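Reviewing the structure listed below.
All figures in this text were calculated on a predicted structure; none of them were measured in a lab. Atoms within a ligand are numbered from 1 in the order they appear, just like the ligands themselves.
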Amino acid sequence: MRKLDEIRSDLTRCDSEIIDLLKKRLDYVREAIEYKREMGLPILSGDEKEMSKELLLEEMTDSAYQGELLEIFKQIKEQSKCVESKVLFPYNISLIGFMGAGKSTVSNYLKETLAMNEIDVDSMIVKSEQMEIKDIFEKYGEEYFRNCESNAIISLKDCSQTIISCGGGAVVREENVKNLKKTSRIVLLKASPESTLERVKNSDERPILNGNMNVEFIKELMEKRARLYQNAADIIIDTDNKTIPQVCEELIGKLLKLK
Ligand code: S3P
């Protein structure tokens, strides 16, 4: 049997080889994403040239550690996405837009595909107040809720690589937009009053819409806020009749074109 010291020194050597290889791999990932950006190639479509799961499995068939190796590779892929996102988006992405515009769904999809962090401002408030939004409105009123919202946004000043999903009314206070702009590019998601109603009509979680669940009210409030949304936005995406992947591909394309 080999001496433990000898085995340990082999392990150390292995670790340092792995680190060297991983550094090399991440450099290639960076190079590939910079190439895609330069050439204007789609960012979200999978990299066909990279080893697919099937090929990886084939490479590992003889190994007693297939399960472990697959887990390690999952992590490698995930961390590769983080490197890509840092290259492409060295800022936060703040999503604004009327209720039902799809901010949470888009945020979730972006978080998965770009391996960025995700924060939902409404959820922060629910957590800190230990109360649902509609209960905060009912018990303390809208002004109190808006103060919570502004404080939550201020508290995000040190976030990085984060998708920030804002409540639909975040733009009504100029200071919120100013604070978001310090670290974020702001993306406005738009939807027509009709599709907004379709998306929100079965929920009673939005106090502003409770008792006002109709196209006329939505249209009027949308119009009242339209200029605020418009002025805050770095880019604007229409979500009507588009799938979430289409919205996200367009969003990424437009962000990459920003200076
Ligand atoms: C609001 C939108 C809601 C929530 C609150 C007020 C608004 O967020 O912040 O009910 O004034 O538009 P969502 O846009 O995520 O529904």
Please state which protein non-hydrogen atom is closest to [atom] and give its distance, to 0.1 Å?
atom                    : answer
atom 10 (O) of ligand 1 : Pro207 CD, 3.5 Å
atom 8 (O) of ligand 1  : Asp122 OD2, 2.9 Å
atom 12 (O) of ligand 1 : Arg225 NH1, 2.7 Å
atom 1 (C) of ligand 1  : Gly169 N, 3.9 Å
atom 14 (O) of ligand 1 : Lys103 NZ, 2.5 Å
atom 16 (O) of ligand 1 : Arg206 NE, 2.8 Å
atom 6 (C) of ligand 1  : Arg146 NH2, 3.9 Å

Spell out, as yes or no, whether a donor-acceptor pair under 3.5 Å connects the side chain of [X] to the backbone of [Y].
X      : Y      : answer
Arg2   : Ile7   : no
Asn92  : Cys159 : yes
Asn151 : Asn147 : yes
Arg225 : Gly168 : yes
Ser63  : Tyr65  : yes

- [ ] Please identify which atoms of ligand 1 are closer than 4.0 Å to at least one heavy atom of Ile208.
- [x]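 Ligand 1 atoms under the 4.0 Å threshold to Ile208: 7 (C), 11 (O).
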- [ ] Provide the number and element of each atom of ligand 1 under 4.0 Å from a heavy atom of Ile133.
- [x]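 Near Ile133, meaning under 4.0 Å from one of its heavy atoms, ligand 1 has 5 (C), 10 (O).
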Open item on the list: Between ligand 1 and Arg199, can you find any atom pair, the residue atom being a heavy atom, that is separated by under 4.0 Å?
Closed with: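 Not so, Arg199 does not reach ligand 1.
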Open item on the list: For Glu205, state whether at least one heavy atom is located under 4.0 Å from any atom of ligand 1.
Closed with: no
Are [X] and [Y] close enough that some pair of their side-chain heavy atoms sits under 4.5 Å apart?
X      : Y      : result
Ile33  : Leu88  : yes
Lys181 : Ile186 : yes
Val121 : Ile125 : yes

TODO: Have a look at ligand 1 and work out which part of Lys134, if any, has a heavy atom under 4.0 Å from it: side chain, backbone, both or neither.
DONE: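 Within the 4.0 Å criterion, Lys134 makes no contact with ligand 1.
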Open item on the list: Would a single hydrophobic cluster contain both Met124 and Leu110, if residues Ile, Leu, Val, Met, Phe, Trp and Tyr are joined by side-chain heavy-atom contacts under 4.5 Å?
Closed with: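 Leu110 does not cluster with Met124.
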TODO: May I ask you to check if ligand 1 and Gly168 share an N or O to N or O distance below 3.5 Å?
DONE: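 Yes; at least one N/O pair falls below 3.5 Å.
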